[in-house]
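The block underneath contains the structure these notes are about, expressed in structure tokens.
As the structure is a computational prediction, the values presented were derived from the model and not from experiment.
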Amino acid sequence: MSAEFQPKSDFMRVMIERGYLHQCSDFDGLDAKARSGELVAYIGFDCTAPSLHVGSLLVIMMLHWLQKCDGKPIALMGGGTTRVGDPSGKDESRQLLPIETIEANKAGIRKVFDKFLKFGDGKTDAVMPDNAEWLTKLNYIDFLRDVGRHFSVNRMLAMDSVRMRIERDQEMSFIEFNYMCLQAYDFVELNKRYGCILQMGGSDQWGNIVTGIDLGRRMGTPQLYALTAPLITTASGAKMGKTAAGAVWLDEKLLPPFEYWQFWRNTEDRDVGRFLRLFTELPLDEIARLENLQGAEINEAKKALANEATALVHGRAAAERAAEAARQTFEEGAVAQDLPTVAIAASEFSAGLGVLSAFVRAGLVSSTGEARRQIKGGGLRVNDATVTDERAALSSADLTNAGAIKLSLGRKRHVLLRPE
């Protein structure tokens with residue numbers, strides 16, 4: 001970004017000040033379009049899972065801010081491209097999903113977007129088209145003649161997503177090789193249907209997005225633009241959205257609000273200010289105050305991050321319940337009713353439920369072998385007492401006054417076992 005560039009539009013100012021902007025194809029041109037009140041932008045999401053996770057939250061927030069700045073967001077569902085598979089950042093071909101699974105995943109993803117965007121028929125209301133609407137109707141010969149002739153195989157082979165697979169001697173199928181053609185065509189089609197002039201995404205999508213701009217120029221569209229966000233890693237280098245326990249889902253059926261709140265509460269000190277800017281709507285002056293807190297006071301900033309990030313996804317009431325459950329659990333040592341809960345048949349408690357199996361059933365460990373290793377390291381606790389005997393069994397006598405047994409892995413992950 002040129003040091004001389006001073007944004008005049010609210011949208012570009014937010015992108016820069018809050019840290020969303022990594023690359024842009026034309027700063028001044030896009031800034032002028034944003035100021036005109038005619039900015040329509042899209043981000044594509046393939047339907048490979050029943051929900052999105054925190055790894056997608058950065059670009060979701062970009063669409064969220066676009067709408068708040070009077071632009072029109074398009075959340076493009078990849079019902080068509082999911083049948084092909086995006087090779088970007090992949091070492092092997094993605095498993096191709098049945099159409100029924102893709103449709104079910106799309107419905108789950110829509111529920112996530114309903115929390116961040118207002119959909120409707122208004123000028124700045126979001127829309128969620130599916131690229132299967134046009135990709136599945138393409139005639140192959142016509143596509144090769146009208147669209148394919150604009151692509152250079154030389155340039156396609158030089159793209160990172162292709163070049164890295166070839167350099168590693170990892171096979172890339174012909175269907176994956178075509179993905180960038182379909183993504184570029186999406187951009188042209190969205191311009192035709194919705195007047196979309198901007199595609200956004202993570203920085204790993206830069207090559208694909210620029211290919212779409214080039215295709216648009218060759219096919220006679222108005223000027224198109226690209227804007228990408230940095231790929232987010234934590235201060236210690238870990239990939240955003242992944243934990244030892246798995247993906248941090250944005251759907252409460254896949255990850256309870258308490259665990260989502262805890263994910264943000266456990267943010268590294270060095271990341272707090274950056275994550276407050278990226279993943280909350282807090283004013284920048286308040287974020288500046290929070291990130292300048294020192295010592296133990298930094299925990300106030302982490303709680304603010306957890307509260308605001310959880311409220312965006314699960315609602316303010318769920319965030320407050322999660323915060324209170326954390327306070328009771330960690331500050332009072334109580335058994336909070338809003339901790340994640342797993343129901344176990346009462347008959348199993350009567351017969352005696354092995355402690356190793358109990359931790360596996362609770363999802364705190366992946367196997368009894370892992371449970372044994374955790375016990376040797378003093379990592380497992382039942383009702384806040386360290387487990388020392390791997391042959392121990394849980395029974396109704398272990399139920400607390402809250403009618404459940406509290407299982408803990410380390411100091412930050414807790415699950416209630418409750419008889420039913």
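Pairing each heavy atom of His22 with each of Pro230, the nearest pair is CB-N, 3.4 Å.
Here the CZ atom belonging to Arg13 is positioned 8.5 Å from the CH2 atom belonging to Trp65, to the nearest 0.5 angstrom. Taking CG of Leu254 as the start and CD of Glu259 as the end, the distance is 11.5 Å to the nearest 0.5 Å. To the nearest 0.5 Å, atoms CG (Leu39) and OG (Ser9) are separated by 8.0 Å. Note that CD of Glu281 is 10.5 Å distant from CD1 of Ile287, once rounded to the nearest 0.5 Å. Between the OG atom of Ser51 and the CG atom of Leu250 there is a distance of 5.5 Å, given to the nearest 0.5 Å. Note that CD1 of Ile213 is 10.5 Å distant from CD1 of Ile197, once rounded to the nearest 0.5 Å.
In this structure a side-chain-to-backbone donor-acceptor pair under 3.5 Å is present from Asn292 to Ala288. Checked by atom type and distance alone, the side chain of Arg18 never pairs as donor or acceptor with a backbone atom of Leu278 at under 3.5 Å. Remark: the backbone N or O of Asp125 is not paired with any side-chain donor or acceptor of Lys118 at under 3.5 angstrom. The backbone N or O of Ala306 lies less than 3.5 Å from a partner atom in the side chain of Thr310, making a donor-acceptor pair. Counting only distance, with no hydrogens or angles, the side chain of Gln205 and the backbone of Gly201 share no donor-acceptor pair below 3.5 Å. Between the side chain of Thr82 and the backbone N or O of Gly78, at least one donor-acceptor pair lies under 3.5 Å. No side-chain donor-acceptor contact under 3.5 Å links Arg361 to the backbone of Leu356. Side-chain N or O atoms of Asp130 include one that pairs as donor or acceptor with a backbone N or O of Ala132 at under 3.5 Å. Remark: side-chain polar atoms of Asp31 are not paired, donor with acceptor, to backbone N or O of Pro7 under 3.5 angstrom. Counting only distance, with no hydrogens or angles, the side chain of Arg277 and the backbone of Gly19 share no donor-acceptor pair below 3.5 Å.
Side-chain atoms of Val360 and Thr368, non-hydrogen and from C-beta on, do get closer than 4.5 Å to each other. Residues Phe359 and Val382 form a side-chain contact, since some pair of their non-hydrogen atoms from C-beta on lies under 4.5 Å apart. At a threshold of 4.5 Å between non-hydrogen side-chain atoms, the residues Asn131 and Met77 do not count as touching. Between Asn208 and Trp206, the closest side-chain pair of non-hydrogen atoms is not below 4.5 Å. Side-chain contact between Tyr225 and Cys24 is absent, with no heavy atoms from C-beta onward closer than 4.5 Å. Residues Leu224 and Leu198 form no side-chain contact, since every pair of their non-hydrogen atoms from C-beta on lies 4.5 Å or further apart. Contact check for Phe258 versus Val415: no side-chain heavy atoms found under the 4.5 Å cut-off.
Between the side chains of Thr81 and Gln183, not a single donor N or O lies within less than 3.5 Å of an accepting N or O. Thr228 and Gln23 share a side-chain donor-acceptor pair at under 3.5 Å. Side-chain contact check for Ser408 and His414: at least one donor-acceptor pair (N or O, by modelled atom type) lies under 3.5 Å. At a cut-off of 3.5 Å, with distance as the only test, a side-chain donor of Asp186 or Trp134 sits close to an acceptor on the other residue. Side-chain contact, Thr221 with Asn191: no donor N or O sits under 3.5 Å from an acceptor N or O. Side-chain contact, Trp264 with Asn307: no donor N or O sits under 3.5 Å from an acceptor N or O.
Aromatic rings from Trp249 and Tyr260 are positioned such that their centres are separated by 6.0 Å or more. In this structure, Phe143 has its ring center closer than 6.0 angstrom to the ring center of Tyr185. Here Tyr42 and Tyr194 keep their ring centres 6.0 angstrom or further from each other.
Contact check on Lys302 versus Asp269 returns a salt bridge, with a Lys/Arg side-chain nitrogen under 4.0 Å from an Asp/Glu carboxylate oxygen. With respect to the salt-bridge test (charged N to carboxylate O, under 4.0 angstrom), the residues Glu38 and Lys72 do not qualify. Here Glu286 pairs with Arg289 in a salt bridge; the nearest charged N to carboxylate O distance falls below 4.0 Å. Using a 4.0 Å cut-off between charged side-chain N and carboxylate O, Arg110 and Asp114 make a salt bridge. Salt-bridge formation is not detected for the pair Glu300/Lys303: no Lys NZ or Arg NE/NH1/NH2 atom is positioned less than 4.0 Å from an Asp or Glu carboxylate oxygen.
Taking a 6.0 Å sphere around NZ of Lys115, one finds it holds more than 12 heavy atoms contributed by other residues, nucleotides or ligands. In Leu284, the CG atom is crowded: over 12 heavy atoms of neighbouring residues, nucleotides or ligands sit closer than 6.0 Å.
A perpendicular orientation is assigned to the rings of Phe116 and His64, their planes being inclined by more than 60° (bins at 30° and 60°).
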